[in-house]
Colleague: 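For reference, the structure I am asking about is given below.
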Amino acid sequence: QAEDGIRDVERSRGLGDVYKRQNQLSEMVSVAKLNEEIFNKIRLLCTGMIDIETWQQLNETLATHFLTNFKADYILCNCAIEEGTPSLSLDHIKFEEIKIRESFKTKTEPFCLQLREDEMRELFGSIHNKGKETESALIIPFRSKNVKGFLSVGSKDPLRFNNNMETMFASFISSLLGRVVYKLCK
């Protein structure tokens, strides 16, 4: 009999299997806690975006939530607006096409990239501080009727945003951001 009374006689080879199952359960609980933290941050971002009425408010909301709550190193929202491009100078919103390889501009789902320092500087512009040789970025495409855009979230950690990362929350942000930008362009 194992210490905790858990034993599957047919499959168990001893106490090692019990500890292995306990470790697996611990890992699942850790992942659930991490997902809950992310969900809470997304919820705060959503409630912050609901009442946005100006580009300045969007700029501040993106900066506050991504740089502070999500602890990103860089954030930039590129909006290519078909008509009536605002003549505003904002830190985290640029009214121009994203500066990234053409093959990435056609993507419609969020994706992660590892980029060299010069590519990060090209992507984020003047807000990019000298980072490491390789860094990472989460690129979130969004669309509305008259706008095509990309929200770029960057990290100095080359492994923070990687191809194995789940992008379900990023897809949700894409839908929300598309609606907010559409409302601002009316």
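Predicted, not measured: the structure shown is a model, and the values here were computed from it. All residue numbers in this chain count up from 1 along the given sequence. Quick note: numbers below take in every heavy atom, side chains included, and nothing from hydrogens, waters or symmetry partners.
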Colleague: Ignoring hydrogens, what is the shortest heavy-atom contact between V147 and C185? Give both atom names and the distance.
Modeller: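 Heavy-atom minimum between the residues: CG2-SG, 3.4 Å.
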Colleague: State the CD-CG distance between E53 and D51, to the nearest 0.5 angstrom.
Modeller: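 Between atom CD of E53 and atom CG of D51 there are 7.0 Å.
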Colleague: Who pairs with Q24 by side-chain contact (heavy atoms from CB on, under 4.5 Å), at least two apart in sequence or on another chain?
Modeller: K20, R21
Colleague: Do the charged groups of E135 and R116 touch, with an N to O distance under 4.0 Å?
Modeller: no
Colleague: Should L44 and N40 be marked as a side-chain contact (heavy atoms from CB on, under 4.5 Å) after you check the CA-CA gap, both sets of side-chain angles, and the distance that decides it?
Modeller: CA-CA 6 Å; L44 288 171; N40 285 332; 5.7 Å; no
Colleague: Under a 3.5 Å distance rule, please check whether N69 uses its side chain to pair with a backbone N or O of F66 as donor and acceptor.
Modeller: no
Colleague: Do the non-hydrogen side-chain atoms of N78 and I93 ever get within less than 4.5 Å of each other?
Modeller: no
Colleague: Under the rule for side-chain contact (heavy atoms from CB on, under 4.5 Å), what residues qualify as partners of E122, not counting sequence neighbours?
Modeller: K99
Colleague: Report the residues that fulfil side-chain contact (heavy atoms from CB on, under 4.5 Å) with E60, sequence neighbours left out, ordered by chain and then residue number.
Modeller: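 Only Q56 meet the side-chain contact (heavy atoms from CB on, under 4.5 Å) criterion with E60.
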Colleague: Quick check with a 6.0 Å cut-off and a 45 degree axis cone: is K107 positioned over the face of F104's six-membered ring?
Modeller: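 Verdict for F104: no cation-pi partner in K107.
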Colleague: For the residue pair K41 and T68, establish whether any side-chain heavy-atom pair is separated by less than 4.5 Å.
Modeller: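 In short, these two side chains do not touch, never coming nearer than 4.5 Å.
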Colleague: Look up atom CD1 in I52 and atom OG1 in T61, then write down how far apart they are to the nearest 0.5 Å.
Modeller: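 Between I52 CD1 and T61 OG1, I get 3.5 Å after rounding to 0.5 Å.
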Colleague: For Q57, does its backbone N or O pair with a side-chain atom of T54 as donor and acceptor, under 3.5 Å?
Modeller: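 At least one qualifying donor-acceptor pair exists.
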Colleague: Got a sec, which residues hit ring-ring contact (aromatic ring centres under 6.0 Å, His included) with F172, two or more places apart in sequence or on another chain?
Modeller: none
Colleague: Is L88 reachable from L58 through a run of I, L, V, M, F, W or Y residues, each pair having side-chain heavy atoms under 4.5 Å apart?
Modeller: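 As far as the 4.5 Å side-chain criterion goes, L88 and L58 are connected within one cluster.
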Colleague: Rounded to the nearest 0.5 Å, how far apart are CZ of F169 and OG of S174?
Modeller: 15.0 Å
Colleague: Minimum heavy-atom separation for S152 and F124, please, with both atom names.
Modeller: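 So the minimum-distance heavy-atom pair works out to O-CE2, 3.3 Å.
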Colleague: Measure the SG-CZ distance between C112 and R160 for me, rounded to the nearest 0.5 Å.
Modeller: 10.5 Å
Colleague: Could you please spell out the steps behind the side-chain contact (heavy atoms from CB on, under 4.5 Å) verdict for L67 and L62?
Modeller: CA-CA 8 Å; L67 298 176; L62 292 174; over 6 Å; no
Colleague: Which of these, Q114, E119, E117, M120, sits in a side chain to side chain contact (heavy atoms under 4.5 Å, CB included) with T134?
Modeller: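 The residue from Q114, E119, E117, M120 that satisfies side chain to side chain contact (heavy atoms under 4.5 Å, CB included) with T134 turns out to be Q114.
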Colleague: Ignoring hydrogens and angles, tell me if any N or O in the side chain of H92 forms a donor-acceptor pair with the backbone of I75 under 3.5 Å.
Modeller: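 It does hold such a pair.
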Colleague: Taking all atoms of both residues into account, what is the closest heavy-atom pair of S144 and G178, and its distance?
Modeller: CB-O, 3.4 Å
Colleague: Any carboxylate oxygen within less than 4.0 angstrom of a Lys/Arg side-chain nitrogen, looking at K105 and E102?
Modeller: yes
Colleague: Kindly indicate, with the supporting measurements, whether the criterion side-chain contact (heavy atoms from CB on, under 4.5 Å) is fulfilled by Y74 and V153.
Modeller: CA-CA 6 Å; Y74 320 106; V153 184; over 6 Å; no
Colleague: Working to the nearest 0.5 Å, report the span between NZ of K94 and SG of C77.
Modeller: 11.0 Å
Colleague: With a 4.5 Å cut-off on side-chain heavy atoms, are S136 and N162 touching?
Modeller: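 The answer is no, as the side chains (C-beta and beyond) never meet within the 4.5 Å cut-off.
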Colleague: Considering all heavy atoms of both residues, which atom of P141 and which atom of F111 are nearest to each other, and what is their separation?
Modeller: CG-CE2, 4.5 Å
Colleague: Applying salt bridge (Lys or Arg N to Asp or Glu O under 4.0 Å), name anything that partners E109, two or more places apart in sequence or on another chain.
Modeller: none
Colleague: In chain order, what residues pass the side-chain contact (heavy atoms from CB on, under 4.5 Å) check against D73, with sequence neighbours excluded?
Modeller: S155, K156
Colleague: Would you check if L115 and P158 make a side-chain contact, meaning some heavy-atom pair closer than 4.5 Å?
Modeller: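 Heavy-atom side-chain distance check fails, nothing below 4.5 Å.
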Colleague: Does T106 use its side chain to pair, donor to acceptor, with the backbone of S103 at less than 3.5 Å?
Modeller: yes
Colleague: What's the spacing between L76 CG and L123 CG if we round to 0.5 Å?
Modeller: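 With rounding to 0.5 Å, CG (L76) is 7.0 Å from CG (L123).
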Colleague: So do R143 and V181 actually touch side chain to side chain, heavy atoms under 4.5 Å?
Modeller: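 With C-beta onward as the side chain, the pair stays apart.
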Colleague: Would a hydrophobic clustering, with Ile, Leu, Val, Met, Phe, Trp and Tyr connected at side-chain separations under 4.5 Å, put M49 with Y182?
Modeller: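 Unlinked, M49 and Y182 end up in two clusters.
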Colleague: Count I, L, V, M, F, W, Y as connected when their side-chain heavy atoms are under 4.5 Å apart, and connections chain through other members. Are M168 and L45 then in the same cluster?
Modeller: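 Yes, because M168 and L45 connect within a single hydrophobic cluster, where side-chain heavy atoms sit under 4.5 Å apart.
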Colleague: Assess whether side-chain contact (heavy atoms from CB on, under 4.5 Å) is satisfied between F142 and T108, documenting all intermediate values.
Modeller: CA-CA 7 Å; F142 64 91; T108 58; over 6 Å; no
